[in-house]
Protein chains: 2
Amino acid sequence: MLTRLDISLNMNNKNTYDANMGSILHGFLMENISKEFSKEMHRNQLHSYSQYIIKYGEQLIWTINTLDSDAKNEIITGICTLDSVSLKHREENIIIEKKEIKSITYDQLFEKFYIKRQAKSIKFKFITPTSFKCKGEYMIYPTVRLIFQSLMNKFNDFSKDIGVSCDEFLPLLEEVLILKNYNLRSNTFSLEGIRVPSFCGELEYFINAPQHIINMVHMLAEFGTYSGVGIKTSMGMGGIKVTH
Amino acid sequence: MLTRLDISLNMNNKNTYDANMGSILHGFLMENISKEFSKEMHRNQLHSYSQYIIKYGEQLIWTINTLDSDAKNEIITGICTLDSVSLKHREENIIIEKKEIKSITYDQLFEKFYIKRQAKSIKFKFITPTSFKCKGEYMIYPTVRLIFQSLMNKFNDFSKDIGVSCDEFLPLLEEVLILKNYNLRSNTFSLEGIRVPSFCGELEYFINAPQHIINMVHMLAEFGTYSGVGIKTSMGMGGIKVTH
């Protein structure tokens, strides 16, 4: 099951809140889960959640996504009971104004996006700083390969009954996804005193492929709105929105 | 010899002038060269010039570059005698306010940029809509291969004594040019009623290579400020500026 919790936070009349708060909020999240679950995630080397914070005008929205039921029960259920977020290092307490939660099973995702006919174009919006790693180097331009390799790997880790073969589909997607529009720029993400090279912005692909491939692209992209894309998606990086 | 003529035009208090005027100015240029030279260029399939127009705030600058002495004599010398640019189709006459001309020989380019030690980073600014063609498709994101293949091909067409091998250097440059910063967006260029898919913006590379490769990158880039990069550089596309 995939679950998204959107939390509206009170800005405290401060303009210093932005996507770079992600790692501080990650710290808060870790304080609010059981030690056992934290250890288990560490043991599995699997991040069954992603989270990021973003400012929309006067609104500050913290989004927490979980990729299976265990993570939902351990992370989201606990956070849902809170009225505020206390950031110890900053000695700040941020009031929670509203919470919105929605869930979708992997079967429903499959039915809604893979079985039903999808559009021949798709738009990705990288709403928090996003980055990939390849051969030890940060990659700050989103190629088809980097985006979909990341999505497929994350998808295959969590969808139990359905798998997508990277070897088979990545070369195909590189051929059939045609970049139609984009507006992208590099930036950095603050992480424990380091500035991670990254980018933000949006791009649109035309998908010149048979319908089942078009549908797969849309399904993986929708999954990506929960998993995030690229590196450090548990720290606030790689948050995406998709227009189908 | 490489020559650049920068012409400041009077805006006529109009805001409709922009980079898309390139093809109209190309028409004006063709009216002002000899038929023989025009035929010769057509026969050779070689564009020994590039031109583009760009608005800097309240200033409108038309830039004409020539890549050899013949083109300088045939194109720039003639234009230099004019006081205005008359656009017949638009029934407009644009006053020339200022002209600036500068020339550099290929030997001087080689000495200044290949012999002298250059910096480990370089910035490209794509100031008019730029596009590449690959296997019949427009390519609207500037990869290392697309940029330098275009520059090397144009350079090899005109530099008589010095040549750069694409087969040897393109794979090397793909490895050593590391994208550090960018801000790029897609757009279109109006050409005879067609909207050509293109992009504008800037990018910065770090060059992780021995000094002679660094120098070659700078030399090709400087040449590119005369030749333009990509397709339709005689029509107003692919104008670049370089920060060494």
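First the proteins, then the strands, lettered A, B, ... as listed; each starts at 1. Heavy atoms only: backbone and side chains are in, while hydrogens, waters and symmetry mates are out.
Around NE2 of B/His47, the count of heavy atoms belonging to other residues, nucleotides or ligands within 6.0 Å does not exceed 12. No more than 12 heavy atoms of other residues, nucleotides or ligands sit less than 6.0 Å from atom NZ of A/Lys232. Residue A/Lys112 places its NZ atom among 12 or fewer non-hydrogen atoms of other residues, nucleotides or ligands, all under 6.0 Å distant.
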Tabulate below the donor-acceptor pairs under 3.5 Å that side-chain atoms of residues 235-244 of chain B make, not counting sequence neighbours, or state none.
| unit_1 | atom_1 | unit_2 | atom_2 | d |
| --- | --- | --- | --- | --- |
| B/His244 | ND1 | B/His218 | ND1 | 2.9 |
| B/His244 | NE2 | B/Glu222 | OE1 | 2.6 |

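Contacts with chain A (heavy atom to heavy atom, under 4.5 Å) involve these residues of residues 164-184 of chain B, listed by number: B/Leu179, B/Lys180, B/Asn181, B/Tyr182, B/Asn183, B/Leu184.
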